[in-house]
Number of protein chains: 2
Amino acid sequence: MPFYTIAQAAEKFGLTAHTLRYYDKEGLLPFVQRSSGGIRLFSDGDLQWLALLTCLKNTGMPLKDIRRFIEWIKQGDESIPQRYEMFLEQKKRLQSEIETMQLYMKRIDFKLWFYGEAMKKGSLAALEQDNAFRKERDKRMKELEQRPVSPVCVKQK
Amino acid sequence: MPFYTIAQAAEKFGLTAHTLRYYDKEGLLPFVQRSSGGIRLFSDGDLQWLALLTCLKNTGMPLKDIRRFIEWIKQGDESIPQRYEMFLEQKKRLQSEIETMQLYMKRIDFKLWFYGEAMKKGSLAALEQDNAFRKERDKRMKELEQRPVSPVCVKQK
DNA sequence: GTACACCTTCGAGTTTACTCAAAGTCAAAT
DNA sequence: ATTTGACTTTGAGTAAACTCGAAGGTGTAC
């Protein structure tokens with residue numbers, strides 16, 4: 001089966017048909033064909049493109065930068081260095097994002113430990129009585145970085 | 001020095017004073033004291049709280065969920081299990097986020113390799129001529145996962 | 001004592017990426 | 001042939017998190 005409907009394509013990437021039509025309107029799906037009746041036909045190549053699109057979008061690239069990338073593709077070979085550069089930047093951004101996420105993970109693990117101890121004791125006041133706990137807590141807190149979070153790009157759902 | 005101004009506090013977390021005032025208005029800074037003249041005084045404890053706030057926010061928690069967490073804190077000991085549960089969920093979410101980011105990294109590395117090869121050859125048409133390249137490309141493309149993009153929460157900047 | 005940066009509140013505006021409603025069209029099944 | 005349900009377009013509306021401007025108070029340096 002060579003083609004997918006908009007709903008099938010959307011489903012494969014956790015999007016809605018609405019969203020794909022929006023992307024199309026915004027010029028982000030430049031290669032999708034139409035049937036004689038005007039219905040969008042998503043080929044395997046289009047799904048590959050969608051995989052790349054969602055990769056870029058979900059790693060923090062704004063839709064307008066993706067549009068610029070499409071312009072570069074349309075320009076052909078002369079824009080290859082710009083495209084390389086773009087992916088290099090995106091890699092850097094993603095690397096620093098992952099590192100930041102790992103620091104956040106440590107903070108969340110700390111709170112899990114903290115509330116786990118609190119549940120054992122039954123109350124926060126009781127925890128504060130415990131010298132051994134306070135010492136351990138201070139030690140663990142010191143290991144948490146207080147970092148000035150650079151261009152972080154995680155969004156709320 | 002026991003207190004920081006709003007601008008100093010903002011700077012430590014890569015925010016603006018405007019944003020901190022917005023957070024305060026939204027009830028997200030419930031413990032910040034004021035001077036006799038009404039000026040916000042950020043203590044070390046407040047900075048700790050800001051570190052946690054930015055951690056939760058930047059790992060995808062909406063401000064309204066953070067507000068709910070504040071309500072739990074105000075309720076005292078009886079809400080400790082809910083708070084533990086909240087951090088457990090946040091940990092799961094962050095883990096899956098990091099895994100997804102690592103998959104995206106593979107896709108970006110693939111494109112870097114691809115455009116790197118293209119730059120060596122000088123044109124995409126020339127690349128397509130090269131049997132060895134096509135074989136290697138197909139092999140690498142097969143290793144890219146096409147799907148697992150569940151509740152991803154990275155945002156554009 | 002006045003300049004000046006920084007603080008205040010309030011409320012309106014912006015950005016980004018959707019998200020949906022309405023009204024109509026297409027294609028397969030009965 | 002009609003019905004069903006997924007598809008189409010246009011254009012308006014929404015949500016979240018800021019972001020800014022206006023008008024005015026505060027406090028320290030010269």
Side-chain angles (χ1 to χ4, degrees), chain A residues 1-29 32-43 46 50 53-70 93 149-157, chain B residues 1 3-29 32-43 46 50 53-70 93 149 151-157:
Chain A
M1 209 210 262
F3 289 116
Y4 302 85
T5 68
I6 195 169
Q8 290 167 335
E11 208 238 319
K12 283 191 195 289
F13 295 95
L15 304 170
T16 67
H18 273 311
T19 302
L20 283 187
R21 280 187 210 108
Y22 164 71
Y23 286 168
D24 197 5
K25 193 170 60 179
E26 294 294 310
L28 299 171
L29 305 178
V32 176
Q33 305 296 308
R34 302 292 186 108
S35 74
S36 57
I39 287 179
R40 292 177 187 81
L41 304 171
F42 286 77
S43 69
D46 293 327
L50 267 180
L53 172 61
T54 54
C55 169
L56 292 173
K57 176 178 71 82
N58 289 337
T59 55
M61 184 175 290
L63 300 186
K64 76 171 171 39
D65 288 8
I66 297 176
R67 224 174 285 133
R68 191 189 49 185
F69 173 51
I70 291 170
R93 171 188 212 162
V149 214
S150 46
V152 169
C153 54
V154 173
K155 89 174 170 212
Q156 284 79 357
K157 276 250 90 164
Chain B
M1 210 212 258
F3 289 114
Y4 302 85
T5 68
I6 195 170
Q8 291 167 334
E11 208 238 319
K12 282 190 196 291
F13 294 95
L15 305 169
T16 67
H18 270 311
T19 302
L20 283 187
R21 281 185 212 111
Y22 164 72
Y23 286 169
D24 197 6
K25 193 169 63 181
E26 294 293 310
L28 299 171
L29 305 178
V32 176
Q33 305 297 305
R34 301 294 185 108
S35 76
S36 56
I39 288 179
R40 291 176 187 82
L41 303 170
F42 286 77
S43 68
D46 293 327
L50 266 179
L53 173 60
T54 53
C55 168
L56 292 173
K57 176 177 71 80
N58 290 335
T59 54
M61 185 175 290
L63 300 187
K64 76 171 173 35
D65 288 7
I66 298 177
R67 223 174 286 133
R68 190 188 50 183
F69 173 51
I70 291 169
R93 171 188 212 161
V149 203
V152 170
C153 54
V154 172
K155 90 173 169 216
Q156 285 79 356
K157 272 252 95 163

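The sequence lines fix the lettering, A, B, ..., with proteins before strands; numbering per chain opens at 1.
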Could you state the atom-to-atom distance from CZ of A:F13 to P of C:dA17 in whole Å?
19 Å
Give me each pair satisfying salt bridge (Lys or Arg N to Asp or Glu O under 4.0 Å) with a member in residues 60-70 of chain B, each pair once, sequence neighbours excluded.
B:E26-B:R67
Taking D:dC18, C:dA17, C:dA27 as options, the one with an atom nearest any side-chain atom of A:S35 is C:dA27
Whether the side chain of A:T59 engages the backbone of A:C55 through a donor-acceptor N/O pair (distance < 3.5 Å, no angle test) should be reported.
yes
Return the angle between end axes of the helix from C:dG1-D:dC30 to C:dT30-D:dA1, with five pairs used per end and rounding to 10°.
10°
Please report, rounded to the nearest Å, how far the C1' atom of D:dT10 is from the OH atom of A:Y22.
15 Å
Nearest-Å distance, CG (A:L41) to C1' (D:dA6)?
14 Å
Distance in angstrom units between A:E26 CD and C:dT15 C1', rounded
13 Å
Between B:Y22 and B:L28, is there a side-chain heavy-atom distance shorter than 4.5 Å?
no
Nucleotide by nucleotide, 5' to 3', does protein get under 4.0 Å of the base (B), only the sugar-phosphate (S), or neither (-) in nucleotides 2-12 of chain C, counting heavy atoms?
-----SBB-B-
Would you kindly give the CD1-to-C1' distance between A:I66 and C:dA17, to the nearest whole Å?
11 Å
Mind checking the CD1-CG spacing from A:I66 to A:L53? Nearest 0.5 Å is all I need.
5.0 Å
Can you list the residues that meet the side chain to side chain contact (heavy atoms under 4.5 Å, CB included) rule with A:S35, with sequence neighbours excluded?
A:I39, A:L41
Whole-Å distance separating the CG atom of A:L29 from the P atom of C:dC18
12 Å
Please state how far atom CG in B:N58 lies from atom C1' in D:dC18, giving the value in whole angstrom units.
13 Å
Any non-hydrogen side-chain atom of A:K25 less than 4.5 Å from a side-chain atom of A:Y23?
no
By side chain to side chain contact (heavy atoms under 4.5 Å, CB included) - contacts of B:A17 (at least two apart):
B:I6, B:R21
To the closest 0.5 Å, what do you measure between OH (B:Y4) and CG (B:D46)?
10.5 Å
Return the 5'-most residue of the pair B:K64, B:S36 with respect to DNA chain D, ranking by each residue's nearest nucleotide.
B:K64
Looking at B:L50, is its backbone amide N or carbonyl O close enough to the side chain of B:T54 to form a donor-acceptor pair, meaning the two atoms are under 3.5 Å apart?
yes
I need the OH-P distance between A:Y23 and C:dT16, as an integer number of Å.
14 Å
